[in-house]
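The next block holds one structure in the form of structure tokens; read it before the comments.
The model shown is predicted, which means the values in this text are computed figures rather than measured ones.
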Amino acid sequence: MSEQTPPKPPVAGAVRVRAASAAPAGSPGASTGGTIRLNKRMAELGLCSRREADDWIARGWVRVNGAPAVMGQPVAFDARIEVDRQAEQQQRQLVTILINKPVGYVSGQAEDGHEPAVALVQPQNRWRECNSRMRWGHEQLRGLAPAGRLDIDSIGLLVLTQDGRVARQLIGEDSEIEKEYLVRVSYRTEKGEETVNVQAVFPPEKLALLCHGLSLDGQALRPAQVSWQNPEQLRFVLKEGKKRQIRRMCEQVGLFVTGLKRVRIGRVNLGHLPVGQWRYLAPHERF
């Protein structure tokens with residue numbers, strides 16, 4: 001077995017400025033004196049993503065209870081974790097971008113001849129009302145990935161980020177972030193007639209099913225908020241994001257989706273951002 005390479009020493013003069021020692025209530029092992037891998041613990045504490053944690057540990061930017069951290073190290077839940085200021089400075093350079101995705105673009109990797117939304121993140125597509133002082137640079141495309149999906153046939157707010165903390169907050173297993181959608185629908189009555197005033201003829205018990213009671217892929221869906229905005233448009237608020245979830249939910253109750261737009265993620269709204277354009281997440285904005 002090869003010996004583990006020790007972490008590099010911190011740069012002289014660097015100051016450790018971040019520390020965390022409190023174990024979250026209900027964490028497995030927190031009350032029994034158990035341990036957890038350091039990179040996972042750092043992600044739980046919101047310090048960084050696991051990948052970032054491994055990078056910082058390799059660079060010698062992390063100390064546990066005053067001692068240099070080692071890759072793969074198990075730590076107690078009450079361990080004191082300190083992060084070098086250089087890591088914090090590196091994090092500040094990571095960008096999060098909001099884009100109003102048009103129809104025909106995929107959220108992630110290019111597929112079936114369709115371009116990914118990240119292809120639109122170019123200087124000429126930056127919204128002129130974006131008031132961020134951040135300057136565009138090609139390095140901002142490195143590692144820029146979608147934090148959640150939006151179907152190829154849908155438009156609206158899509159988050160692209162280099163920051164693992166943002167990705168964890170939006171799409172982590174324990175995410176409680178709301179996503180709001182405006183969904184235009186059509187409906188055929190039992191007589192086979194299509195109506196323009198869907199709200200007037202759509203059975204209330206089916207609307208209740210959209211809120212709670214449906215399953216996809218053999219799993220019960222979490223409760224949702226679904227209400228009429230006008231006779232042809234529903235407002236959905238979800239806390240999960242299964243593939244084509246809203247379209248498949250509507251199919252189960254006899255609705256056909258003719259248009260879908262995501263207008264909010266957490267506390268961040270799409271606002272007046274034009275289709276096909278993007279802006280930086282402002283420093284004061286939080287999901």
Under a 4.5 Å cut-off applied to non-hydrogen side-chain atoms, are [X] and [Y] in contact?
X    : Y    : answer
V106 : E115 : no
T161 : V95  : no
D174 : E176 : no
F256 : V185 : no
L150 : Y105 : no
L157 : K179 : no
T96  : V159 : yes
E178 : Q225 : yes

Nearest heavy-atom neighbours spanning [X] and [Y]:
X    : Y    : answer
A220 : S215 : CA-OG, 3.5 Å
K101 : S107 : CD-OG, 4.4 Å
I171 : A147 : CG2-C, 3.5 Å
A69  : L38  : CB-CD2, 3.5 Å
H272 : W127 : O-CZ2, 3.7 Å
P231 : N197 : CB-OD1, 3.3 Å

How long is the gap from [atom1] on [X] to [atom2] on [Y], to the nearest 0.5 Å?
X    : Y    : atom1 : atom2 : value
L47  : N39  : CG    : CG    : 12.0 Å
I246 : D151 : CD1   : CG    : 8.5 Å
Q73  : I57  : CD    : CD1   : 7.5 Å
Q233 : L182 : CD    : CG    : 4.5 Å
C130 : Q277 : SG    : CD    : 10.5 Å
M134 : I97  : CE    : CD1   : 8.5 Å

**Study point:** Pairing of E285 and R279 as salt bridge, 4.0 angstrom limit
**Key:**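 Between R279 and E285 there is a salt bridge, with a charged N closer than 4.0 Å to a carboxylate O.
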Between [X] (side chain only) and [Y] (backbone N and O only), is there a donor and an acceptor less than 3.5 Å apart?
X    : Y    : result
R149 : G108 : no
Q162 : R142 : yes
S175 : L170 : yes
R264 : G266 : yes
K261 : R184 : no
D84  : Q86  : yes
N100 : G276 : no
N125 : L120 : yes

Looking at [X], I'd like to know if its [atom1] atom is crowded, meaning that more than 12 non-hydrogen atoms belonging to other residues, nucleotides or ligands lie closer than 6.0 Å.
X    : atom1 : answer
Q109 : CD    : no
R37  : CZ    : no
R222 : CZ    : yes

Exercise for review: Using the side-chain contact (heavy atoms from CB on, under 4.5 Å) rule, take V253 and E205 through it: C-alpha gap first, then chi angles, then the decisive distance, then the call.
Suggested key: CA-CA 10 Å; V253 295; E205 60 272 19; over 6 Å; no
Exercise for review: Might you work through the side-chain contact (heavy atoms from CB on, under 4.5 Å) test for Q245 and E240, ending with a clear yes or no?
Suggested key: CA-CA 9 Å; Q245 178 171 336; E240 59 189 336; 3.4 Å; yes
Exercise for review: Can you label the angle between the W56 ring and the W61 ring as parallel, tilted or perpendicular, going by 30° and 60°?
Suggested key: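 Rings of W56 and W61: tilted, as their planes differ by 30° to 60°.
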Practice item. Take the angle between the ring planes of Y187 and F202 and call it parallel below 30°, perpendicular above 60°, tilted in between. Key: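 Plane angle over 60°, so perpendicular.
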Exercise for review: Might you work through the side-chain contact (heavy atoms from CB on, under 4.5 Å) test for L281 and F287, ending with a clear yes or no?
Suggested key: CA-CA 10 Å; L281 182 73; F287 290 103; 3.8 Å; yes
Are [X] and [Y] linked, directly or through other ILVMFWY residues, by side chains that come within less than 4.5 angstrom of each other?
X    : Y    : result
L216 : L260 : yes
I152 : I99  : no
L158 : L144 : yes
L221 : L238 : yes
Y181 : V268 : no

Exercise for review: Start with the C-alpha gap between L255 and L210, add the side-chain angles, then the distance that decides, and say whether side-chain contact (heavy atoms from CB on, under 4.5 Å) holds.
Suggested key: CA-CA 11 Å; L255 291 172; L210 287 173; 4.2 Å; yes
Review point. Looking just at side-chain N and O atoms, do Q140 and Y280 make a donor-acceptor pair shorter than 3.5 Å?
Key: yes
Revision key, fill the gap. Partner of D217 under salt bridge (Lys or Arg N to Asp or Glu O under 4.0 Å), picked from R248, K243, K242, is R248
